[in-house]
Amino acid sequence: MTSTIVQQKQGSNSFGRPKMMENRAFDYIYDKNYHLSNQTDHQFQAIKSQSGNTNIHLQPNYRTMFSELQHHPRFTLQLKNNLVLPNHMNQDWPGKQNYSREKLILQKLMTGDQSINIPSVVYENHDLDGKDRHKFAKKPIIPFINAIPPYVVLDTIRSQDQDQQRLKESNRPQTSYAKTIGTQTDYRDGEAQTDPYTPEYVVKPGEQPELLTLITLANGRGLPVGLAEVEMIERARAKRAWEATLPPINDPSQWEKRLKMMTEMERKEWMFREKEIEEIQNMRMELLKKMLRDREENQAGILAKKLDKLWVKKQKEKDAKIKKLRAENIKNIRKLIKKRENPKSELKKRNIIEEYSNFESDTYAPLTRVGYFPDKNADNYVVKNRYLDTYQGLLELEASLPHYVLQLKIDPPKRNQHTQDGYLKRKYREEKRLEDIHSNLLAIKEQKKTEEKPLRFLKLIEKPVPRPPTPRIDIPDPEEEEKELAIIYLQKIIRGKAIQNMMYDGKQEKLVLIKEVSSTHALQTVDQSNTKLYKQKVLTLQRQRHLTNQAEDLKDEVLQNLEGETVCDMLDFLSKELIRLQEERRIHAFAMLAERQRRMREAEESGLRQVEERRRREDDEIFKQMLKTQQDCVETYLEDCILETIDQVADEEARKEVHEMANKINDVAYEVEKTRSAVESEEIVAELVHGFLIPEAQKEVYRQQIKSKQEPYLMAAHKEIYSETNKALSNSNNETSDD
């Protein structure tokens with residue numbers, strides 16, 4: 001299958017996801033790597049190739065080419081078969097031969113019929129000396145002239161190991177020339193392959209391999225094999241072994257033994273089946289318990305969510321009520337303060353001078369509750385940008401900024417400590433004085449450092465004690481070392497197991513003494529307290545066990561009630577079904593009697609009915625033939641009318657175009673005639689005769705020939721049509737006369 005990647009540009013500097021071009025129309029025939037699973041897919045692909053978009057063409061309607069109306073379309077869709085395969089190409093499904101062969105193999109295996117002939121596989125012939133020679137060529141491995149550089153010193157120990165390895169390889173058996181590296185299915189992996197590939201196989205005559213008993217297993221239905229499948233295989237093996245031990249059926253003296261063995265096997269199978277049913281019921285019961293537990297947990301969770309939701313709602317209502325009460329309280333307090341400031345309720349005139357002179361008045365600091373909001377439009381000045389509000393935007397903004405913006409380098413301003421005249425400024429004099437003092441102190445410290453005096457006497461240099469030689473150990477063989485470690489580990493395991501067994505045996509032998517010692521020590525005060533605690537723990541455990549037993553009994557009681565209800569419903573349903581079945585049988589018996597009476601009556605009236613039906617069929621046939629002839633006549637008349645109108649319209653249009661063309665030609669001819677000579681006139685006449693008169697005469701001759709050829713066919717058609725109509729009319733007249 002060939003695919004083409006088309007890269008489309010989606011903007012100034014970004015590219016979108018590449019699109020995959022569709023398959024070619026006949027890839028399922030030409031492409032050897034294009035495999036289809038069955039004949040249906042091959043036919044579907046063939047239909048798809050013939051009805052693709054490449055075969056659909058737009059045919060414009062010239063009369064309504066520029067129309068926008070729905071009932072006058074500008075074009076029509078036409079299907080043209082542009083893609084046609086050559087005649088020498090085989091268009092059948094390639095896997096048809098292999099499919100029929102596999103079908104015969106399965107039929108032979110299932111039926112055991114050895115008379116079925118399986119066709120052999122026909123392989124493709126290769127021309128080794130011709131066009132297929134390149135398929136069997138291989139690049140030779142040419143060794144280097146200097147395999148080992150002259151400046152390399154070989155390791156003798158490693159070379160000896162290599163010689164031993166070569167000797168071992170030379171003594172091993174010869175490797176086969178062909179190796180199976182992998183397998184490839186006959187089906188396309190990208191299509192609907194679901195089952196793994198199964199290689200072909202052939203069974204020898206007279207043999208029945210055990211593996212063929214698992215042919216019913218498939219992927220998802222027994223494969224891959226689990227514990228249940230393994231148990232089933234073991235049971236099948238045991239049953240085959242039991243069948244081999246059965247007495248022969250052709251020996252009458254062994255029939256009783258055979259019957260007894262078969263009865264015993266049947267009893268075992270029924271017991272196994274009952275056990276399976278019991279296990280399935282237990283599994284279902286556990287599943288039901290789990291479902292009930294999950295349902296209770298879900299209900300508890302839903303109830304908790306409802307309670308939380310209700311609690312949140314009540315909290316919100318409480319907060320809203322408290323907020324409202326606080327607002328009313330503040331409002332009432334404010335009213336009381338205003339009333340206390342003006343107890344007489346006198347109206348005061350506004351003093352503008354006092355308001356503007358007092359910076360705490362409403363003129364400078366108006367109250368928000370009055371209706372003034374100083375930061376009303378503060379959001380208009382807030383910068384809202386994706387690059388500043390999100391982390392991803394900040395990363396994009398940082399990536400888009402240049403390098404010098406992110407790494408700022410600020411040079412500190414140089415301080416001008418001197419005036420224009422060269423004097424030190426007053427504010428820097430103290431700093432300069434302190435710097436001079438610091439430098440003087442550092443110079444004094446450096447002078448105080450005494451230099452080391454040269455040595456007056458020689459010193460003894462002691463030589464270090466020489467190191468002993470490094471001990472070396474021979475490196476053992478890695479394989480031998482691994483074996484030794486494995487043996488040591490195995491010995492440790494065996495010793496530990498032996499010590500464990502010895503301790504266990506000693507404990508079992510001295511168990512009586514251990515119990516006696518524990519009982520004597522229990523008489524002590526500390527041990528007595530421990531025994532009391534242990535007694536209390538045992539009592540609590542017994543109490544808990546009792547409670548759990550009660551809970552389990554309660555569950556069992558509930559389950560038994562449920563089972564009783566289901567059994568009652570089932571028995572009720574079965575009794576009703578039995579009554580319904582009896583009523584249905586009784587109704588069926590009545591229906592059979594009624595059917596019998598109806599058939600007897602029909603048999604009595606069948607003669608008259610057949611005559612009436614035959615006459616009705618004849619009348620219907622006559623009516624159909626007459627109606628058909630009338631419809632044919634109407635259709636031919638309409639066709640003639642349409643053709644005549646088309647010819648008439650075409651004739652009128654042609655006449656108009658001819659008149660227009662003739663006027664143009666006359667104008668040109670008059671202009672040319674004024675300047676032409678006699679020879680040019682004769683050439684024009686000759687061209688007109690050769691271009692118009694001679695072709696018209698030939699056309700008339702052809703028309704006469706075609707008409708003479710069509711006359712016998714028209715006469716035969718008229719004869720057939722009128723003979724049938726005459727026969728139908730004569731038959732209808734005879735029947736009317738008989739009636």
Side-chain angles (χ1 to χ4, degrees), residues 50-51 54-65 72-89 91 621-622 624-670 672-673 676-731:
Q50 296 296 332
S51 61
T54 56
N55 296 331
I56 296 174
H57 295 269
L58 302 178
Q59 181 65 29
N61 295 331
Y62 296 104
R63 291 182 179 273
T64 60
M65 185 179 292
H72 291 295
R74 290 178 290 176
F75 57 87
T76 57
L77 299 176
Q78 292 186 359
L79 184 64
K80 295 183 180 179
N81 193 5
N82 294 331
L83 302 175
V84 181
L85 285 170
N87 294 327
H88 66 275
M89 290 299 299
Q91 301 184 19
E621 186 66 26
I622 293 168
K624 287 180 182 178
Q625 293 293 335
M626 293 296 292
L627 186 61
K628 184 178 179 182
T629 53
Q630 291 177 2
Q631 288 178 354
D632 293 337
C633 293
V634 171
E635 288 177 358
T636 52
Y637 174 74
L638 291 175
E639 288 179 357
D640 294 335
C641 292
I642 292 168
L643 293 173
E644 186 176 357
T645 52
I646 290 170
D647 293 336
Q648 187 177 359
V649 172
D651 191 7
E652 291 176 358
E653 293 291 331
R655 287 179 184 278
K656 288 180 182 179
E657 291 178 359
V658 167
H659 283 302
E660 292 175 359
M661 188 62 70
N663 293 329
K664 292 180 181 179
I665 292 169
N666 287 334
D667 296 336
V668 175
Y670 289 148
V672 173
E673 192 173 357
R676 74 182 176 187
S677 61
V679 177
E680 291 177 352
S681 300
E682 290 177 358
E683 288 178 357
I684 291 169
V685 171
E687 287 177 359
L688 291 172
V689 169
H690 186 270
F692 290 98
L693 295 178
I694 294 174
E696 187 66 23
Q698 290 178 355
K699 288 180 182 177
E700 190 65 28
V701 171
Y702 289 152
R703 290 194 191 100
Q704 292 295 332
Q705 290 177 0
I706 292 168
K707 188 176 181 180
S708 62
K709 288 180 181 180
Q710 288 180 351
E711 281 180 358
Y713 298 108
L714 291 173
M715 292 297 292
H718 283 294
K719 185 176 180 181
E720 289 294 330
I721 291 168
Y722 288 117
S723 63
E724 292 294 331
T725 53
N726 292 330
K727 286 180 182 179
L729 291 172
S730 62
N731 290 331

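Checked against side-chain contact (heavy atoms from CB on, under 4.5 Å), D647 has no partners two or more places apart in sequence or in another chain. In this structure I646 satisfies the side-chain contact (heavy atoms from CB on, under 4.5 Å) test together with I642, sequence neighbours excluded. In terms of the side-chain contact (heavy atoms from CB on, under 4.5 Å) criterion, residue partners of P73 (sequence neighbours excluded) are, by chain and number, N61. The side chain to side chain donor-acceptor pair (under 3.5 Å) test applied to D640 returns no partner, not counting sequence neighbours. The side chain to side chain donor-acceptor pair (under 3.5 Å) search around R655 returns D651, not counting sequence neighbours.
Side-chain contact check for Q59 versus T76: some heavy-atom pair is nearer than 4.5 Å.
Side-chain contact, E635 with Q631: no donor N or O sits under 3.5 Å from an acceptor N or O.
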Which atom pairs, donor and acceptor, lie under 3.5 Å between side-chain atoms of residues 691-708 and protein residues at least two apart or in another chain?
{"from": "E700", "atom 1": "OE1", "to": "R703", "atom 2": "NH1", "distance (Å)": "3.2"}
{"from": "S708", "atom 1": "OG", "to": "Q704", "atom 2": "O", "distance (Å)": "3.3"}
{"from": "S708", "atom 1": "OG", "to": "Q705", "atom 2": "O", "distance (Å)": "2.6"}

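In this structure, L627 CG and K624 NZ are separated by 10.5 Å, a value rounded to the nearest 0.5 Å. Between atom CG of residue L643 and atom CD of residue Q648 there is a gap of 12.5 Å, rounded to the nearest 0.5 Å.
Applying the salt bridge (charged side-chain N to carboxylate O under 4.0 Å, His left out) test to pairs two or more places apart or on separate chains, none has a residue in residues 657-668.
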